[in-house]
Amino acid sequence: MPELPEVETVCRGLDPVMRGRTIVAVDVRRAGLRDPFPKGLAKTLMGAKIAHVMRRAKYILMPMDIDQTLVLHLGMSGRILVQEEGYRPVKHDHLILHLDNGRAIVFNDPRRSGTVFLAKTDSLETHKAFRAMGPEPLSNEFSGPVLASALKGRKTEIKTAIMDQRIVVGVGNIYASEALFMAGISPKRVSGTVQGEKAEALVQAIRQILRRAIKAGGSSLRDYRKADGKLGLFQHGFTVYGHTGKACPGCTCDVGKTGGIKRIVQGGRSTFYCPRKQK
DNA sequence: CCTTGAACCTGCGGGC
DNA sequence: TGCCCGCAGGTTCAAG
């Protein structure tokens with residue numbers, strides 16, 4: 001499910017509710033998700049005060065006053081909702097944090113591809129999960145030359161490369177297709193050939209698409225919800241994702257003849273693009 | 001080191 | 001109605 005815009009939206013929804021709050025009860029409803037929950041998770045969290053909520057890549061970080069940071073990842077189908085006091089758990093609610101303001105923070109994930117772990121706050125960046133990560137796409141550390149250099153010599157197709165979190169973080173299957181369309185680059189292009197102007201265009205496209213998606217509160221296809229339970233709206237802003245056979249904007253060609261937007265599979269994932277506009 | 005493909009898990013929609 | 005298939009926003013691991 002969630003790519004950078006969705007995770008960012010969830011963090012923005014959680015922060016005002018959780019900032020400075022103390023965890024007064026922890027409901028661990030199964031042994032783990034993709035990975036087992038840390039040993040003694042409930043005991044560790046009990047009584048801890050959350051400093052604030054922030055995002056790194058597609059991870060949600062909750063640094064606490066115990067020198068540890070609670071780290072959550074939503075995987076494919078995860079959501080985190082703010083509920084009121086007296087909330088009754090439903091199917092796939094796996095972890096619930098009760099706060100001293102009466103709110104319940106509920107992590108629900110049907111496919112259980114999400115994860116929850118604890119990491120030392122002062123050495124977060126050296127944690128296994130973050131060590132090899134590429135730059136944040138919306139930061140100054142991400143630029144045409146930086147991307148070009150990361151892609152140099154790579155043989156994989158560009159679509160696969162920009163979803164590789166070591167190249168740049170936060171871009172997933174939807175925004176990869178959308179960004180490549182915006183940049184006019186074929187998803188099948190050998191990534192090492194994306195240099196110079198092409199790399200610059202792709203960087204600008206990735207930034208633009210992610211910013212616009214954040215403004216819309218992310219994209220709700222099936223599972224994803226904002227922390228208040230409402231839908232994101234950027235799915236209405238897709239140009240190519242899921243638009244197989246439709247004309248792309250401004251395309252004057254006859255869709256009946258050209259087939260319009262095409263769906264292919266790369267690395268086991270669907271890719272959508274316009275073979276005429278993307279080279 | 002790079003690249004590829006499979007695996008993890010549940011749910012939904014389409015075709016028969 | 002039921003069954004089977006393919007598909008779904010991510011990451012990790014093994015093997016070549």
Side-chain angles (χ1 to χ4, degrees), chain A residues 1-11 29-37 55-60 71-80 90-94 107-117 127-134 137 149-180 187-192 206 209-210 212-214 216-226 231-244 263-272:
Chain A
M1 101 163 254
E3 306 182 30
L4 184 150
E6 290 74 33
V7 179
E8 178 67 26
T9 301
V10 169
C11 287
R29 307 180 57 79
R30 62 176 300 119
L33 302 176
R34 186 181 76 204
D35 314 302
F37 287 143
R55 179 191 61 75
R56 167 75 172 115
K58 299 174 193 169
Y59 288 85
I60 296 163
V71 184
L72 304 101
H73 193 291
L74 300 175
M76 299 278 267
S77 58
R79 54 168 79 158
I80 299 180
V90 298
K91 200 172 183 184
H92 304 309
D93 283 351
H94 305 310
F107 188 171
N108 179 291
D109 181 10
R111 292 173 70 183
R112 304 206 297 271
S113 56
T115 192
V116 176
F117 61 90
H127 186 281
K128 183 166 159 267
F130 304 107
R131 203 180 307 153
M133 270 184 181
S149 155
L151 294 175
K152 204 162 191 181
R154 284 202 150 237
K155 295 257 191 251
T156 48
E157 295 169 311
I158 187 66
K159 155 74 159 25
T160 313
I162 58 173
M163 290 176 63
D164 184 336
Q165 304 297 294
R166 294 168 303 181
I167 305 284
V168 57
V169 302
V171 178
N173 202 42
I174 292 176
Y175 301 112
S177 280
E178 293 294 331
L180 286 165
K188 295 195 283 191
R189 177 182 273 269
V190 172
S191 48
I206 288 171
I209 203 80
L210 295 178
R212 284 169 47 186
I214 290 170
S219 305
S220 287
L221 259 43
R222 22 168 43 95
D223 301 295
Y224 166 70
R225 293 281 129 58
K226 304 200 272 186
L231 298 169
L233 297 174
F234 195 70
Q235 63 277 19
H236 304 301
F238 293 170
T239 307
V240 290
Y241 187 87
H243 286 207
T244 310
R263 174 185 177 273
I264 58 173
V265 174
Q266 295 178 291
R269 320 297 301 275
S270 289
T271 301
F272 301 89

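Below, read A as the first sequence line, B as the second, and so on, with proteins coming before strands; counting in each chain starts at 1. These numbers come from the heavy atoms of this one structure, side chains and all, not from hydrogens, waters or symmetry mates.
With rounding to whole Å, A/Tyr175 atom OH is found 10 Å from C/dG10 atom P. Remark: P of C/dC7 and CZ of A/Phe272 are 10 Å apart, rounded to the nearest angstrom. Summarising the geometry, the separation between CG on A/Asp223 and P on C/dC7 is reported as 18 Å, rounded to the nearest angstrom. The CD-P distance, from A/Glu3 to C/dT11, rounds to 9 Å in whole Å. For the pair A/Arg166 CZ and C/dG10 P, the computed distance is 16 Å after rounding to whole Å. At whole-Å resolution of the value, CZ in A/Arg56 and C1' in C/dG10 are 16 Å apart. Between the C1' atom of C/dT12 and the CD atom of A/Gln165 lies a distance of 13 Å, rounded to the nearest Å. Going from atom CG of A/Asp109 over to atom P of C/dG10 covers 13 Å, rounded to whole Å.
Proximity of A/Asp223 to A/Leu74: side-chain heavy atoms (C-beta onward) are nowhere separated by under 4.5 Å.
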Exercise for the section: Test side chain to side chain donor-acceptor pair (under 3.5 Å) on A/Glu6 and A/Tyr175 and set out the steps. Expected result: CA-CA 11 Å; A/Glu6 290 74 33; A/Tyr175 301 112; 2.6 Å; yes
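The phosphate of C/dA8 has OP1 or OP2 within less than 4.0 Å of a side-chain N or O from A/Ser270. Contact annotation: A/His73 side-chain N/O to C/dG10 OP1/OP2 distance is not under 4.0 Å.
Using a cutoff of 4.0 Å between basic side-chain nitrogens and carboxylate oxygens, A/Asp164 and A/Arg154 are scored as salt-bridged.
Remark: the backbone N or O of A/Ala161 is not paired with any side-chain donor or acceptor of A/Ser191 at under 3.5 angstrom. In terms of modelled atom types and a separation under 3.5 Å, the side chain of A/His236 and the main chain of A/Phe234 share no donor-acceptor contact. Counting only distance, with no hydrogens or angles, the side chain of A/Ser177 and the backbone of A/Tyr241 share no donor-acceptor pair below 3.5 Å.
Counting non-hydrogen atoms under 4.0 angstrom, A/Arg269 reaches a base of the nucleic acid. A/Thr160 comes within contact range of no nucleotide atom at all, as no heavy-atom separation falls under 4.0 Å. Using a 4.0 Å heavy-atom cutoff across all strands shown, A/Gly172 reaches sugar-phosphate atoms only and no base atom.
Taking the centre of each ring, A/Phe238 and A/Phe272 stay at or above the 6.0 Å mark.
Note on ring orientation: taking the six-membered ring where Trp is involved, the planes of A/Phe117 and A/Phe130 are tilted (angle from 30° to 60°).
One P atom belongs to C/dG9, the other to B/dT3, and the distance between them is 22 Å to the nearest Å. Across C/dC3 and B/dC9, the matching P atoms stand 23 Å from one another, rounded to whole Å.
Screening A/Lys188, A/Met163, A/Arg189 for a side chain to side chain contact (heavy atoms under 4.5 Å, CB included) involving A/Ile158 leaves a single residue, A/Arg189.
Taking a pair as Watson-Crick or G-U with both hydrogen-bonding distances under 3.5 Å, the stems of three or more pairs touching DNA chain B are B:2-8 with C:10-16, B:10-16 with C:2-8.
In the 5' to 3' direction, nucleotides of DNA chain B lying under 4.0 Å from heavy atoms of chain A begin and end at B/dT3 to B/dG11.
Residue A/Arg55 comes nearest to A/Val7 through the heavy atom pair CG-CG1, 3.7 Å, listed as atom of the first residue, atom of the second, then distance.
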